[in-house]
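These notes are about the structure you will find just below.
Just so we're clear, the structure is a prediction, and the values are computed from it rather than from any experiment.
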Amino acid sequence: MPLLQVLRPTLPILIGASIMLTLSMGLRQSLGIFLQPLTHDIHISVSDFTLALAVQNLAWGFLQPLAGAMTVRYGFRPIMIVGSLMYIAGLALMATAGGLISVMVGGGVLIGTSLACTAAAIAMSVAARAVPATVRSTVLGIVSGAGSLGALLSAPIGQMLNEGFGWRIGLAGFVVMSVLMIPAAWYAGRIDRIPLPKPAADDIGDATAATAAKAAFGNASFVVMTCAYLVCGMQLVFLTTHLPSYLAICGLDPMLSAQTLGMIGGFNVLGSLFFGWAGQRWNKLALLGAIYILRSLALAWYFTLPATSASTLLFGAIMGFLWMGVGPLVAGAVAEMFGLRWQAMIQGLAFMSHQIGSFLGAYGGGVLYDALGSYTMAWRIGVALGLAGGIIQVAFALIRPSQPPVLRTA
């Protein structure tokens, strides 16, 4: 049966989840554009700004399991709607900021909490529940790919508004774009009307939240995936936060940073589609490790050479292809190991590790730059940890393929 025919009954849900994801991720990934003008205008340091983004990542990571668990009790729609409203409020507070507190609360706490309710773990759980298992990985790749278009659009728009009218108008433009998250979340919330499929014998659908979490951390494949996920967050958030600043230091055109983020967003689509397709055919956890290794090699290549416009755009294309491909792989692996009922919560538990890495990438990069005056040590650490995490992930996935959890009820 053609894929479109299979998906037709749930297309509004999938489109809503994709639009919500593309806005929540795209706007957030483009905040680094405003680092230099915002910090100079309101007299805060680079590390202050990156601390706010680090708080965002920690709030997102540690609240993600709670948001996932709440979808089981209250449904997806109310969680996603509340998250969308918090996103709008966070951007508005940043746009009117006069000091560190507003940036910290708006860009850190509010947007971080919103992402726990609107970003990949929730959107992927919605998409996974809406389609049959036979096409799930492919559909997760499509949703992740559609969700990657946000950076392709928001980064150039934000940079043009920033250069033409100032950073406050640029962030105001982001506020307007974020309003579209509300109807998208409403349509994605139709998933609450679709009953869960009959659980397989090895699913943990009837377990409590505590039992489901215990089963997840008792699964060795899940634990290794979760630990390696830290490297993913550290590398990606280091780039989205600090690449615009690095390019400014190198004396390159400020518009290049927006073009590179847009390039990342565009190739995100291709990478998400490819890894969604590949995850339907090969070991998802081994593919994750391969992504981490290839990213690390790309980082080493780019930062070793003098930065040019051509090398920066090529680097953006490579990293973009390897960027959100992790989304369908992680979501598909969690659904295979644990079923659908607790997928959002268990994926959120893994995502906590990702966000600890994001904290280190955003704030640690800023601290190292303030202390050493360059990003050299930061990218070297990112490469070393990325290679180690990727090699361990691939080796474990091939030596010990993932198994269903052993659930002890009492």
Side-chain angles (χ1 to χ4, degrees), residues 19-35 38-39 42 44 48-68 70 79-123 147 150-151 153-155 157-158 161-162 167-168 170-182 184-185 233 236-242 244 261 265 324 348 351-352 354-359 361-363 366:
I19 293 174
M20 179 186 70
L21 178 60
T22 199
L23 289 169
S24 65
M25 292 298 293
L27 296 174
R28 172 246 179 193
Q29 288 171 358
S30 302
L31 291 177
I33 289 171
F34 306 108
L35 186 154
L38 185 151
T39 54
I42 65 174
I44 63 175
D48 286 336
F49 183 88
T50 56
L51 177 60
L53 297 189
V55 168
Q56 175 195 108
N57 284 290
L58 286 182
W60 181 8
F62 283 97
L63 292 174
Q64 186 69 79
L66 176 61
M70 289 174 69
I79 303 303
M80 294 186 294
I81 293 290
V82 170
S84 300
L85 293 171
M86 294 184 73
Y87 208 116
I88 296 167
L91 285 172
L93 194 56
M94 283 191 74
T96 58
L100 177 60
I101 298 300
S102 297
V103 176
M104 188 71 67
V105 174
V109 177
L110 285 175
I111 292 181
T113 304
S114 168
L115 288 165
C117 304
T118 60
I122 298 297
L153 299 173
S154 60
I157 291 173
L161 292 173
N162 179 34
W167 64 270
R168 293 188 189 274
L171 281 169
F174 278 14
V175 172
V176 173
M177 294 171 66
S178 67
V179 172
L180 295 175
M181 291 173 62
I182 297 175
L236 298 192
V237 175
F238 170 75
L239 283 178
T240 56
T241 304
H242 295 285
L261 292 175
M324 283 187 72
F351 196 67
M352 288 172 61
H354 182 284
Q355 293 310 93
I356 292 172
S358 297
F359 176 91
Y363 185 54

**Asked** Distance from Arg168 atom CZ to Leu38 atom CG, nearest 0.5 Å?
**Response** 7.5 Å
**Message:** Holding to ring pair (Phe, Tyr, Trp, His ring centres under 6.0 Å), I want the full list of residues that pass it with Phe351, two or more places apart in sequence or in another chain.
**Reply:** Trp60, His354
**Message:** Rounded to the nearest 0.5 Å, what separates atom CD1 in Ile122 from atom OG in Ser24?
**Reply:** 10.5 Å
**Prompt:** Nearest 0.5 Å, what's the CE-OG distance between Met25 and Ser154?
**Reply:** 10.5 Å
**Message:** Going by the rule side chain to side chain contact (heavy atoms under 4.5 Å, CB included), which residues pair with Ile88 if we only count those two or more places apart in sequence or in a different chain?
**Reply:** Val175, Ser178, Val179, Ile182
**Complete:** Heavy-atom closest pair (Ala184 atom, Met20 atom, distance to 0.1 Å) is CB-N, 3.7 Å
**Prompt:** Looking at side-chain heavy atoms only, is the closest gap between Tyr87 and Leu23 below 4.5 Å?
**Reply:** no
**Prompt:** Do you know the tightest heavy-atom contact between Ala185 and Ile81?
**Reply:** CB-CD1, 3.9 Å
**Min side-chain heavy-atom separation Leu91-Val176 under 4.5 Å** = no
**Message:** Going by the rule side chain to side chain contact (heavy atoms under 4.5 Å, CB included), which residues pair with Ala121 if we only count those two or more places apart in sequence or in a different chain?
**Reply:** Gln64, Gln347
**Message:** My understanding is that only one of Phe174, Trp167, Phe49 makes a ring-ring contact (aromatic ring centres under 6.0 Å, His included) with Phe34; could you say which?
**Reply:** Phe174
**Fill in**
Rounding to 0.5 Å, atoms OG1 (Thr22) and CE (Met177) come to a distance of 8.5 Å
Extract all donor-acceptor atom pairs below 3.5 Å that involve side chains of residues 93-118 and protein atoms in other chains or at least two apart in sequence.
residue: Thr96; atom: OG1; partner: Ala92; partner atom: O; Å: 3.1
residue: Thr96; atom: OG1; partner: Leu93; partner atom: O; Å: 3.3
residue: Thr113; atom: OG1; partner: Val109; partner atom: O; Å: 2.8
residue: Ser114; atom: OG; partner: Gly83; partner atom: O; Å: 2.5
residue: Thr118; atom: OG1; partner: Ser114; partner atom: O; Å: 2.9

**Prompt:** How many angstroms lie between atom CG of Asp48 and atom OG1 of Thr39, to the nearest 0.5 angstrom?
**Reply:** 9.0 Å
